[in-house]
Amino acid sequence: MTNILISGASIAGTATAYWLRRHGFDVTVVERAPAIREGGYKVDIRGAALQVIERMGIMDAVRARSTDMRIATHYDARGRKVATMDADLFGGRTGDDIEIMRGDLNELLYDLTRHDVEYVFGDSVTGIAEDGTVTFERSAPRRFDLVVGADGAHSNTRRIAFGEESEYARDLGYYISICTVPNKLGLDREEAVHVAPGRTANVYSTRQDTRAKALFMWSSAPLAYDHRDVDAQKDLLVKAMRGVEWEVPALLESVRDAEDFYFDSVTQIRMDSWSKGRVVLVGDAAYCASPASGQGTSLALVGAYVLAGELAKGGGAEGYEREMRPFVEANQALGPANVKGMVIESRAALWFQLKMIKLLPHLPGRDRMIDRIAGPIHRAANAISLKTYAE
């Protein structure tokens, strides 16, 4: 096996391309978008994923692009400050994570690979034959020894090789939307949060960014919508957040003009196997833990490292699944629990949460309490011992 196609040039795809090439494989990456996607939202790199970044030799570059967030402030419906958390509180104090914008991380990974990996932009896979012949929307058919699906939770590669998404998607009962908005609140490396029963609005601005990101989450029964109809998705967001006060009405007006609008259900992908024939899946395509887990980027980075290493040493897809399965399960378990703390359903629970946030900085044993709160995610982030694969 020498010639490998990767479908998708997001973090899972570019990271897999890097490690496969480093192990001597010939790699082609096909991406539907016309170029590497910029921007996006802030993501965390934790635990074992930091070891992957270190082994890639880009730790200093990643740290240099960290968001450098300082505080998060909760506001009530009338715009009054209710509670403030410093970076220790919402970062967990352990130092076992780096927060970076998704687009910045992917740009670093792309720069590592663009000179010795073939990238084909503006195209996508339409078929994969048993002999490895792959057909494309625009390019001529080509034969590959292996196809790696790294094309996200709504993976086209998974649909072609394994069947419809509905067989593997597990809806957690929430929706999320993120986009760029003007920084009218004058935020500087800080978050502004307003929580209403069943709905949460979060606006933040990171280091060296004059704009802001608006993030909305809400609980909901499954919604019927076209993934390609952005205007209809914006209408669904406005309807879901109707009646929420604070700065939300003004933010929704800005959403109408957003060009990077993201809208999706909070969903996990659960599969009994991540490989079939000449196809193997990595990242969200195989084991999306949902945005609520906070571990999607780390899973992608670790999955890329393990997949390439096992293919190189002869363990193949079986070795990849054996190494990754416990790690994936530990991180997927975070999603359902975390999302309930991100979207509060009752006024009583909301009052209690805000009271605890307000009191926590002043309580005896504050540091131990913070570590206890952050403990589950950091244990999951380190729930794998990475092998050292010979290159």
ask   = In Å, rounded to the nearest 0.5 Å, how long is the span from CD of Glu118 to CG of Asn3?
value =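 One finds 9.0 Å between CD of Glu118 and CG of Asn3.
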message = If you apply the rule side-chain contact (heavy atoms from CB on, under 4.5 Å), what do you find for Asp111 with Arg114, and how did you get there?
response = CA-CA 6 Å; Asp111 285 344; Arg114 61 178 177 170; 3.6 Å; yes
message = Between Asp76 and Arg78, does any NZ, NE, NH1 or NH2 come within less than 4.0 Å of an OD or OE carboxylate oxygen?
response =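 Looking at Asp76 together with Arg78, the answer is no, because their closest N to O distance does not fall below 4.0 Å.
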query = Does a salt bridge link Asp116 with Arg22, judged by any charged N lying under 4.0 Å from a carboxylate O?
reply =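 Salt bridge: no.
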Give a yes or no on whether the ring-centroid distance for [X] and [Y] is below 6.0 angstrom.
| X | Y | value |
| --- | --- | --- |
| Trp218 | Tyr174 | no |
| His74 | His194 | no |
| Tyr110 | Tyr119 | yes |

Would you mind reporting whether [Y] and [X] have side-chain heavy atoms less than 4.5 Å apart?
| X | Y | answer |
| --- | --- | --- |
| Leu5 | Val125 | yes |
| Leu307 | Met324 | no |
| Glu38 | Glu107 | no |

Any donor-acceptor pair under 3.5 Å from Arg325 side chain to Asp272 backbone =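 Yes.
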Among the clusters formed by ILVMFWY side chains lying less than 4.5 Å apart, do [X] and [Y] turn up in the same one?
| X | Y | value |
| --- | --- | --- |
| Leu50 | Leu299 | yes |
| Leu350 | Met241 | no |
| Leu112 | Ile53 | yes |
| Val280 | Met271 | yes |
| Leu281 | Ile384 | yes |

query = Should the pair Tyr41 and Tyr262 be assigned to parallel (<30°), tilted (30 to 60°) or perpendicular (>60°) ring geometry?
reply =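 The arrangement is tilted - the two ring planes meet at 30° to 60°.
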inquiry  = Checking Phe216 against Tyr175 for the ring-ring contact (aromatic ring centres under 6.0 Å, His included) test, could you report, in this order, the C-alpha distance in whole Å, the side-chain angles of both residues, the deciding distance, and whether it holds?
reply    = CA-CA 8 Å; Phe216 305 92; Tyr175 282 81; over 10 Å; no
task = State whether Trp274 and Arg158 meet the cation-pi test: NZ (Lys) or CZ (Arg) under 6.0 Å from the six-membered ring centroid, and within 45° of the perpendicular axis.
result =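 Cation-pi check for Arg158 and Trp274: fails.
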task = Report yes or no: is the cationic atom of Lys234 (NZ for Lys, CZ for Arg) closer than 6.0 Å to the six-membered ring centre of Phe261, at no more than 45° off its axis?
result =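 Yes.
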key: Between Ser205 and Glu190: side-chain donor-acceptor atoms closer than 3.5 Å   =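 No.
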